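Okay, so here's the structure we're looking at.
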Number of protein chains: 2
Amino acid sequence: MAQRQKTRQQRDNLVWAAAKLFRRQGYSGTGLRDILAASGAARGSLYHYFPGGKEQIGAAAVNAAGGLVTETFVELARQADGPADFLHRYSDLLVRWLEASKFRDGCPITTTLLETTPESAAISAAGRAVFADWRGVMADMLRRDGWPASRVPATATAIIAGLEGALLMARVQGSARPIHDTAQALCDLLETNQSRQTRA
Amino acid sequence: MAQRQKTRQQRDNLVWAAAKLFRRQGYSGTGLRDILAASGAARGSLYHYFPGGKEQIGAAAVNAAGGLVTETFVELARQADGPADFLHRYSDLLVRWLEASKFRDGCPITTTLLETTPESAAISAAGRAVFADWRGVMADMLRRDGWPASRVPATATAIIAGLEGALLMARVQGSARPIHDTAQALCDLLETNQSRQTRA
DNA sequence: CATGTATTATGACGACTGGTCTACATATTT
DNA sequence: AAATATGTAGACCAGTCGTCATAATACATG
């Protein structure tokens, strides 16, 4: 039993080391060598847990990192007082993370996905699942806020897309402004529903 | 003189071959070998035109591909009847390109930028310049549409961010829907100004 | 407790590609 | 014809990913 945990931990070490490196340097830019050094595991261990090699650990990294973001979304959606408040809280969080890493740590899955889609079916599938989860959290929140069902999916997608794009631009510019600007504009968008309800 | 053109063309061949490959496979995922094969140039020629090596050709590729998109933006902004019409036209264009390439050709600069920012100062700088151009086109269009100056910059940024994020999600999902959804939501956002003007 | 079987951990090896540089051949201009 | 600009070919070593035979450990059974 103690062993089970220990091995599980080594596997996790591998995945999280990979996730961190992929996020900073990209998928192709990160060698197995780097991952092994960062996780303290040996070369063969990686192929024990991931017979599929780099592609499989890439998919696992997308799953793990994406899942962590999903958890953050869920928790924040629970705490927040509506979608606009959620956006403010999350964009603040994002900015803090970015600045703490000197704009090195962006979205933990986009870089890997852009490099490997659609060449790697496994990684693409992992990415699709993560995006679906994220949209799901947003959609739930919008519905709870009283949005008409017909507009929920598109708006949820747009919010994720906006955040994703803002994060990318913020990294390139080395500035938090794209995130603040985009969050502000998205909040304006969210108001449209408010005003429609008021008018109706 | 004939040679001048020929050499200029060989240099261009290199840049465009690099741009195309970087867009599909990413920066690290593309070897100089691939670029040379695609452009028909020889190994040493690359270092004649780009003494800075891969990093320099990466920056040149971002410049070239980004510039082409800027031109498209400008032309479309001229033709379009306001920002909303622009969004519809551009998203249609995007979807056609995506489908024609079977969702392989996404944004020509994001992948390279995510992989290299901020490690490569040259590529990051090229990316910043391109994004600034894009925001500029959007901002001009919003101003012409009568937007209050105070809201123009943030909205322009949000539009670029939304398109960028939508393009990324569309690639991963292998579907045009994220683009249509995001464009729709952004059009809703653009209406907010309309309604404010009407109310005022 | 002892023994045998899975499971897990290891690092050297090979076939290959990575980006870079040097040496040489050709073309254009002065 | 000399000098400069441009194009070509290949050598170079560090690094890539994946495979393998082997060693160490954990677990289940008699």
Side-chain angles (χ1 to χ4, degrees), chain A residues 1-22 24-62 111-112 115-116 119-123, chain B residues 1-22 24-62 111-112 115-116 119-123:
Chain A
M1 188 57 104
Q3 180 62 11
R4 263 281 150 73
Q5 280 194 346
K6 193 183 168 193
T7 69
R8 166 62 45 115
Q9 191 181 346
Q10 182 150 53
R11 204 196 114 108
D12 281 2
N13 280 347
L14 246 5
V15 173
W16 286 110
K20 281 181 190 171
L21 289 165
F22 288 159
R24 291 208 176 189
Q25 322 171 354
Y27 178 77
S28 305
T30 302
L32 296 186
R33 179 176 221 132
D34 302 332
I35 299 174
L36 296 171
S39 73
R43 195 162 190 73
S45 295
L46 193 150
Y47 279 86
H48 174 70
Y49 290 107
F50 306 96
K54 197 183 185 183
E55 185 180 356
Q56 190 181 352
I57 205 177
V62 167
T111 312
T112 299
E115 287 179 84
T116 56
E119 248 59 59
S120 163
I123 299 182
Chain B
M1 188 56 106
Q3 180 64 11
R4 260 282 151 74
Q5 280 193 347
K6 192 184 168 193
T7 68
R8 166 64 38 121
Q9 191 181 346
Q10 179 144 37
R11 204 196 115 109
D12 281 2
N13 280 346
L14 278 169
V15 173
W16 286 111
K20 282 180 190 171
L21 289 165
F22 289 160
R24 290 206 178 190
Q25 323 170 352
Y27 178 77
S28 305
T30 302
L32 296 186
R33 184 175 217 124
D34 302 332
I35 298 174
L36 294 171
S39 73
R43 208 159 183 68
S45 295
L46 195 150
Y47 278 85
H48 174 68
Y49 291 108
F50 304 97
K54 197 183 186 184
E55 186 181 356
Q56 190 180 354
I57 206 177
V62 167
T111 313
T112 300
E115 288 179 83
T116 57
E119 251 60 44
S120 163
I123 300 182

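All values below were derived from every heavy atom in this structure, side-chain atoms included, with hydrogens, water molecules and symmetry-related copies excluded. Since the model is a prediction, treat every value here as computed from it, not as a measurement. To find a chain, count down the sequence lines: A is the first, B the second, and so on, and within it residues start at 1.
Using a 4.0 Å heavy-atom distance criterion, B/Thr30 is classed as a sugar-phosphate-only contact.
Counting to the nearest Å, the C1' atom of C/dG18 and the CD1 atom of B/Ile57 are 15 Å from each other. Atom CG in A/Leu14 sits about 13 Å away from atom P in C/dT8, given to the nearest Å. As a whole-Å value, the separation of A/Gln25 CD from D/dG15 P is 14 Å. Taking atom CZ of B/Phe22 as the reference point, atom P of C/dG19 lies 8 Å away to the nearest angstrom. Computed from coordinates, the A/Ile35 CD1 to D/dT16 P distance equals 10 Å when rounded to whole Å. Rounded to whole angstrom, the span from the CD atom of A/Gln9 across to the P atom of C/dT8 amounts to 15 Å. Atom-to-atom, OH of A/Tyr49 to P of D/dG18 comes out at 19 Å; the value is rounded to the nearest Å. Distance NZ (A/Lys54) to P (D/dT16): 9 Å, rounded to an integer number of Å.
When all heavy atoms of A/Asp34 and A/Gly29 are compared, the closest pair comes out as OD2-O, 4.2 Å. Residue B/Leu14 comes nearest to B/Ser39 through the heavy atom pair CD2-OG, 3.3 Å, listed as atom of the first residue, atom of the second, then distance. Shown here for A/Ala18 and A/Ile35, the closest heavy-atom pair between the two residues is CB-CD1, 3.9 Å.
Separation of atoms CZ (B/Phe22) and OG1 (B/Thr116) is listed at 9.5 Å; rounding is to 0.5 Å. From B/Glu119, atom CD reaches atom CD of A/Gln25 across 7.5 Å, with rounding to the nearest 0.5 Å. In this structure, CD on A/Glu115 lies 6.0 Å from OG on B/Ser28, to the nearest 0.5 angstrom.
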Compile the donor-acceptor pairs under 3.5 Å between side chains in residues 53-61 of chain A and protein atoms, sequence neighbours left out, one pair per line.
residue	atom	partner	partner atom	Å
A/Lys54	NZ	A/Tyr27	O	2.9
A/Lys54	NZ	A/Thr30	O	2.9
A/Glu55	OE2	A/Ser120	OG	2.7
A/Gln56	OE1	A/Gly52	N	2.6

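Contacts between residues 36-48 of chain A and DNA chain D, defined by a heavy-atom separation under 4.0 Å, are made by A/Arg43, A/Tyr47.
In terms of phosphate contacts, A/Gln10 brings no side-chain nitrogen or oxygen within less than 4.0 Å of OP1 or OP2 of C/dT8. Contact check, A/Gln56 against D/dC17: no side-chain N or O comes under 4.0 Å of OP1 or OP2.
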